[in-house]
Amino acid sequence: MTATPSSLGAESESISQPAESQPVFRNPGSGIVAAIGAASISLMAALLSVGILTMPLKATAIDAAGSTTIIAVANLAAGVIALLLNPVMGRLSDRTLGRFGRRRPFIVIGSLLIALGAFCVLQATSVALVAIGWAVMTIGQIAAQAGTFALVPDQFAPERRGVVSGIIGVAGSAGVIVGLFIGSLLSPNLALMIMVPAALAVLCNLVLAAVVKDDPIRAEDRPTLELREAFGTFWVSPRQHPDFALAFGSRFAVFWAIAAVNAYQAVYLIMGLHINPEEIAGKMFVANLISGVLAIVFATVLGKVSDKVGRRKPFVIISAVVFAVGLTLIAMAGSFETFLVGVAIMGIGMGVYLAVDFALITQVLPDPKNPAKDIGIMNLASSLPNIVVPAAAPLLLAIGASATAPANFALFFGVAAVAGAIGAALIVPIRRVR
């Protein structure tokens, strides 16, 4: 059944009527899909504009010589919080009672914490205050996403999740573009550069909370929580749920490839392509703009195609091949122009992957009626590479290095290409998704 397009303020729905034992999906119209997209993108714009642009500026203003230490401490604190809170916040959302529903309170509170954390970063005068502000923003991100992401398996039938999955998937790429664009317009006013994206995130998430229908659960339907189940907050048995484990491994491998480029493109441009450090910011914006736009276009278009053909696996496999081509070009680039071609191809691969990634995940959840906790665990597969890759990078870059080539980027990006291929291979044995 198809949904009639709706305006942002009105929700046109097409209710799926499956067998009596199966859930009934609301299948909200395009207005709600747009609201989910705006909330997700604005949230990431507020978060990433601080992480990439304004927090380094603030750290430099506090202590120019120790700015890298300030950023490292803040990111370490946020990383630990992300590892602990993603599943916990999801479990809390699944168990939330009240007339406002299970998801809306987390969307609202999360967006407000984003703004509070941004204000703390703005007012910070020390390492500790920067770390606290960034930690509060991270908690806000996790809370808001716990609510927003769970709306997809709550309300959309499996065959209707491709478009919204693609939009959620590219929220990070789109958020970088939006956040950096706002920052460039408002520079050098640091207060506006930090607070305007945060205010936009609050506005868009409040709109989503206002227009989405989030039915409350009955107390008797609330998932149980016993002491012996506490460890289960951070664990899904691969033996009992092999499809979930395979999807987790696939996502971890693919995001390893993405993290390799995201974390080390600036270093590669300086050390590998010998670009003047003063030009790096502008060139990185161009590269991220190209890859981000391509990812957005391919994700949104192919998400719809995936829904129509009723398949997810082929898109993941194709994306891995495209990833490998793009990473190979990046590793072999002798000029910035060739690097841009590689980044563009990677952007296409990322768009193909993100078009179906989240939709596929929602179809292998152990408990589809209470999805937020398991989505939180799955989110670790995309966040862990941001910790693991920087830890492994020095070893990989040092292998075969010499005085003339102090870092082996060919090997580093080659390993990333292999990771992408492994990510595709792990999708093949999944049985619950075609």
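Values in this document were obtained by computation on a predicted structure and should not be read as measured data. The first residue of the sequence shown is numbered 1, and numbering continues consecutively from there.
Going from atom CD1 of I41 over to atom CD1 of I177 covers 9.5 Å, rounded to the nearest 0.5 Å. Taken to the nearest 0.5 Å, the CE atom of M89 stands 6.5 Å off from the CD1 atom of I139. Distance CG/L85 to CD1/I142: 5.0 Å, rounded to 0.5 Å. Rounding to the nearest 0.5 angstrom, the gap separating the CD1 atom in I290 from the CD1 atom in I348 is 11.0 Å. Interatomic distance, T125 OG1 to D63 CG, rounded to the nearest 0.5 Å: 12.0 Å. Atoms CZ and CD1, from F244 and I430 in turn, are 10.5 Å apart once rounded to the nearest 0.5 Å.
Within the 4.5 Å cutoff, the side chain of L289 has no heavy atoms near those of the F181 side chain. Residues W256 and I422 fail the side-chain proximity criterion, which asks for heavy atoms closer than 4.5 Å. Using a 4.5 Å heavy-atom threshold, the side chains of I107 and L151 count as touching. At least one side-chain heavy atom of V212 sits less than 4.5 Å from a side-chain heavy atom of Q155. Side chains of F339 and L329 form no contact here, defined as non-hydrogen atoms less than 4.5 Å apart. In this structure, the side chains of L208 and C204 stay at 4.5 Å or more apart for every pair of heavy atoms. In this structure, the side chains of P216 and F100 stay at 4.5 Å or more apart for every pair of heavy atoms. The shortest side-chain heavy-atom distance between I32 and V211 falls under the 4.5 Å cut-off.
Taking the ring-ring contact (aromatic ring centres under 6.0 Å, His included) definition, one finds that F412 meets it with Y264, sequence neighbours left out.
Side chain of S93 to main chain of R102: a donor-acceptor pair is present (N/O by atom type, distance under 3.5 Å, no hydrogens or angles). Using modelled atom types, one side-chain atom of D214 and one backbone atom of R104 make a donor-acceptor pair closer than 3.5 Å. The closest donor-acceptor contact from the side chain of S40 to the backbone of G37 lies at 3.5 Å or more, if one exists at all.
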Could you go step by step and tell me if Y353 and F255 meet the side-chain contact (heavy atoms from CB on, under 4.5 Å) rule? CA-CA 10 Å; Y353 179 80; F255 275 85; 4.0 Å; yes
Verify side-chain contact (heavy atoms from CB on, under 4.5 Å) between L113 and M137, making sure each step is shown before the conclusion.
CA-CA 6 Å; L113 286 175; M137 291 192 76; over 6 Å; no
*Apply the test side-chain contact (heavy atoms from CB on, under 4.5 Å) to residues I258 and F323: give CA-CA distance (whole Å), side-chain angles for both, the deciding distance (0.1 Å), then the verdict.*
CA-CA 9 Å; I258 295 172; F323 264 122; 3.8 Å; yes
Subject >> Criterion side-chain contact (heavy atoms from CB on, under 4.5 Å) on M350 and F298, from CA distance to verdict >> reply: CA-CA 8 Å; M350 189 160 55; F298 275 82; over 6 Å; no
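Note on residues 127-138: pairs passing side-chain hydrogen bond (donor to acceptor under 3.5 Å, both in side chains), not counting sequence neighbours, are N75-W134.
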Report all side-chain donor-acceptor pairs from residues 42-62 shorter than 3.5 Å, counting only partners two or more places apart or in another chain.
unit_1, atom_1, unit_2, atom_2, d
S42, OG, A38, O, 2.8
S42, OG, A39, O, 3.2
S49, OG, A45, O, 2.8
S49, OG, A46, O, 3.2
T54, OG1, S49, O, 3.2
K58, NZ, L122, O, 2.7
K58, NZ, A124, O, 3.3
T60, OG1, P56, O, 2.8

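Summarising the local packing, CZ of F336 is surrounded by more than 12 heavy atoms from other residues, nucleotides or ligands at distances under 6.0 Å.
When all heavy atoms of V343 and S291 are compared, the pair lying nearest together is CG1-CB, 3.5 Å. Nearest heavy atoms, F156 versus P28: CZ-CG, 3.4 Å. Scanning both residues, L294 and A344, for their nearest heavy atoms gives CD1-O, 3.4 Å. Summarising the geometry of A417 relative to A324, their closest heavy-atom pair is CB-CA, 4.1 Å, with the distance given to 0.1 Å. The shortest non-hydrogen separation linking A135 to I81 is CB-CD1, 3.4 Å. A144 and N205 get closest at one heavy-atom pair: CB-OD1, 4.3 Å.
If you check the side chains of R103 and T148, you find no donor sitting under 3.5 Å from an acceptor.
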